[in-house]
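Input: a single structure, listed below in structure tokens.
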Amino acid sequence: MTTTAMKDPYAILGVSKSATAEEIRKAYRKLAKELHPDTRPDDKAAEERFKEVGQAFKLLSDPETRAKYDRGEIDAEGNERAPFHYRSRPGAGASQRGPSGRFEDLGDIFSDLFGEFGQGGPGGGRRRGPPPMRGADVRGKVEISFEEAIKGGKRRVSAPGGRALDVAIPAGVEDGQVLRLKGQGGQGQAGGPAGDALVEVRIRSHPWFRRDGDAVRVDLPISIKEAVLGAKVRAPTVDGPVEVRVPAGSSSGALLRLRGKGAPKASGGRGDQIIRLLVDVPTDDAELERFAETWTPPAGYDPRKRFRR
């Protein structure tokens, strides 16, 4: 059966005969990614071109075979040239299709694209089979509550393909932080390790809590009476409500500190919860309005004295 001679490998890769090894490698990577059967399924022309690119790169990436080709000792498929230009049958180096319909040497070709070659590289001699390749990483997201972010917990998320993954949420996780689940990604090839699952954490905003480093802040409304006379009031924390003491004479903006009620600290333990008091003035309170009209501030009192110069 007559076979069609393979074109010049330099022309196949689109490089000159004086191209450096790195220029050849870059050209190969670009073409192999564009023509891969998974990228262009059912494209017979791209498939044949893909095989040519792989064979051309194998020949030119090995300095010894490249030199032989340049001297005319072997043809583009790596076969020794016979006298009178007699063409021997194609060598064993050409890519062949296996029973699965995929290229038998895909791992050998594409391990270079992802930096997984062994020490010898693609020009280090014929391989009996593809080298081990690490599986691809998969990505996902998980949305959690503010309280879960502070205290930690467990969530189940769906990975690509419908597989369920159990994610341990560490206490103190930050919004946008990516959690790495070792070995939970794509399956490795030829005995290679599985990839990882990378799960991005998104924290839902809370109606009253907000995080400030290892502190948790909250605004706590109090009445005029509580502010003037002082009182014990209930305040929310991520661990549940607690009772706090409002000092007599408190103004809006005064801060109270609850030790150990904040977010986890890198050094261990937890930060504090900072409560900002906000005096809430009721509307349509006739008695309060009459009191305000007759109230005389003490001598020297000026709520805006800090602005005086």
Side-chain angles (χ1 to χ4, degrees), residues 6 9 12-13 21-66 69 74 76-79 89-140 157-166 178-199:
M6 191 169 124
I12 291 173
L13 295 178
E22 182 59 25
E23 289 172 339
I24 291 173
R25 182 178 295 272
K26 286 181 178 179
Y28 159 69
R29 289 187 180 191
K30 180 177 182 295
L31 290 170
K33 287 181 179 179
E34 291 176 356
L35 300 169
H36 190 278
D38 287 346
T39 304
R40 300 173 69 172
D42 303 322
D43 188 336
K44 297 298 182 183
E47 183 179 299
E48 292 303 317
R49 183 100 168 86
F50 174 76
K51 289 195 292 184
E52 288 185 341
V53 167
Q55 179 62 26
F57 178 67
K58 284 188 177 184
L59 187 146
L60 297 181
S61 62
D62 184 342
E64 183 178 346
T65 56
R66 181 182 179 183
Y69 176 78
I74 59 175
E77 294 183 355
N79 301 309
R89 68 178 183 84
S95 299
Q96 302 292 329
R97 277 189 174 273
S100 65
R102 299 176 64 83
F103 291 105
E104 301 287 1
D105 60 351
L106 272 181
D108 188 52
I109 293 175
F110 273 82
S111 59
D112 175 65
L113 294 180
F114 301 99
E116 296 292 337
F117 266 102
Q119 293 180 347
R126 303 289 183 186
R127 297 184 187 273
R128 292 182 178 275
M133 287 182 63
R134 180 179 180 275
D137 291 340
V138 298
R139 294 182 177 273
V157 300
S158 295
R163 185 162 54 95
L165 296 178
D166 291 321
V178 176
L179 306 178
R180 182 180 293 271
L181 280 61
K182 292 286 188 180
Q184 297 297 309
Q187 185 176 359
Q189 299 181 24
D196 300 335
L198 306 176
V199 181

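Throughout, residue positions are numbered sequentially from 1 according to the sequence presented.
- Note that NZ of Lys33 and OH of Tyr28 are 10.5 Å apart. Values are rounded to the nearest 0.5 Å.
- Here the side chain of Arg163 pairs a donor or acceptor atom with the backbone of Gln184 at under 3.5 angstrom.
- Here Glu64 pairs with Lys68 under the salt bridge (Lys or Arg N to Asp or Glu O under 4.0 Å) rule; sequence neighbours left out.
- Nearest heavy-atom pair across Pro132 and Gly191 is CB-C, 4.2 Å.
- Pro9 and Ala76 make their closest contact through CD-CB, 3.9 Å (heavy atoms, listed as atom of the first residue, atom of the second, distance).
- Here the closest non-hydrogen pair linking Leu59 and Tyr69 is CD2-CB, 3.7 Å.
- When the side chain to side chain contact (heavy atoms under 4.5 Å, CB included) test is applied to Glu34, the partners found at least two apart in sequence or on another chain are Lys30, Leu31.
- Annotation: the span from Leu13 atom CG to Glu52 atom CD amounts to 10.0 Å, rounded to 0.5 Å.
- Under the rule for a side-chain hydrogen bond (donor to acceptor under 3.5 Å, both in side chains), Arg139 has no partner lying at least two apart in sequence or in another chain.
- Within the model, atoms NE2 of His36 and CD of Glu47 stand 10.5 Å from one another, a figure rounded to the nearest 0.5 Å.
- Taking every heavy atom of both residues into account, Thr65 and Ile74 meet most closely at O-CD1, 3.4 Å.
- Looking at residues two or more places apart in sequence or on another chain, you find no salt bridge (Lys or Arg N to Asp or Glu O under 4.0 Å) involving Glu23.
- Contacts of Arg49 classified as salt bridge (Lys or Arg N to Asp or Glu O under 4.0 Å), with partners at least two apart in sequence or in another chain: none.
- Counting all heavy atoms, side chain and backbone alike, Gly185 lies closest to Val138 at CA-CG2, 3.8 Å.
- Applying the salt bridge (Lys or Arg N to Asp or Glu O under 4.0 Å) rule to Asp166 yields the partners Arg156; only residues at least two apart in sequence or on another chain are considered.
- A donor-acceptor contact shorter than 3.5 Å links the side chain of Asp137 to the backbone of Asp196.
- Side chains of Ile24 and Arg66 form a contact here, defined as non-hydrogen atoms less than 4.5 Å apart.
- The shortest distance between side-chain heavy atoms of Arg29 and Lys26 does not fall below 4.5 Å.
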